[in-house]
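Heavy-atom basis, side chains included; hydrogens, waters and symmetry copies ignored.
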Amino acid sequence: ADALRTAEVLVPREALGELAENEVYLADLVGMSVRTGAGENLGHVREVLHLNSNSLLSIARPGRPDLLLPTVEEILKHVDWAEGLVVVEPPDGLLDS
């Protein structure tokens, strides 16, 4: 098991199970536009970073450093597949810098 500890496991897309209504495969969000619930355009999802405790969306913002948002229910509010849009509610003060 130790030999596989840092191994990347790949699964064919067609082998993935069906998702519940409020679930998404995070990899599917890459490239989508990101906007706050108030309508502020934040940029687009550059990549998904998988850390030990949870995953982060790396949001590419024009002329600014990337914004990192945890993929938790309190922040990741809605995915509009037809519009290619992720709606988020960042914590207070996060967008001030």
Under a 4.5 Å side-chain heavy-atom rule over Ile, Leu, Val, Met, Phe, Trp and Tyr, are W81 and V30 clustered together?
-> yes
Report yes or no: do M32 and V88 belong to one cluster of Ile/Leu/Val/Met/Phe/Trp/Tyr joined by side chain heavy-atom distances under 4.5 Å?
-> yes
Hey, could you give me the NE2/CG distance between H44 and L57, rounded to the nearest 0.5 Å?
-> 12.0 Å
Identify the two heavy atoms, one from L26 and one from V48, that lie closest to each other, and give their separation to 0.1 Å.
-> O-CG2, 3.5 Å
State, to 0.1 Å, how close R35 and N41 come at their nearest heavy-atom pair, and which atoms those are.
-> CG-N, 4.1 Å
How about N54: does its CG atom have over 12 heavy atoms from other parts shown lying under 6.0 Å from it?
-> yes
Minimum heavy-atom distance between A60 and D66, given as atom pair plus value | CA-OD1, 3.4 Å
Can you list, pair by pair, the side-chain donor-acceptor contacts under 3.5 Å of residues 14-23, counting residues two or more places apart and other chains?
residue, atom, partner, partner atom, Å
E23, OE1, A20, N, 2.9

Flag yes if V34 and V79 sit in one hydrophobic cluster, no otherwise; membership is Ile, Leu, Val, Met, Phe, Trp, Tyr, and two members link when side-chain heavy atoms are under 4.5 Å apart.
-> yes
Listed partners of D2 passing salt bridge (Lys or Arg N to Asp or Glu O under 4.0 Å), at least two apart | R5
Is a donor on one side and an acceptor on the other found under 3.5 Å between the side chain of E89 and the backbone of K77?
-> no
Could you check if a side-chain atom of D28 sits within less than 4.5 angstrom of a side-chain atom of R13, using non-hydrogen atoms only?
-> yes
In terms of hydrophobic clusters joined by side-chain contacts under 4.5 Å, are I75 and L67 together?
-> yes
Look at the side chain of T71 and the backbone N and O of S55, then say whether any donor-acceptor pair between them is shorter than 3.5 Å.
-> yes
Consider only side-chain heavy atoms of I, L, V, M, F, W and Y, link residues closer than 4.5 Å, and tell whether L76 and L95 are in one cluster.
-> yes
Side chains of L69 and I59: does their closest heavy-atom pair fall under 4.5 Å?
-> yes
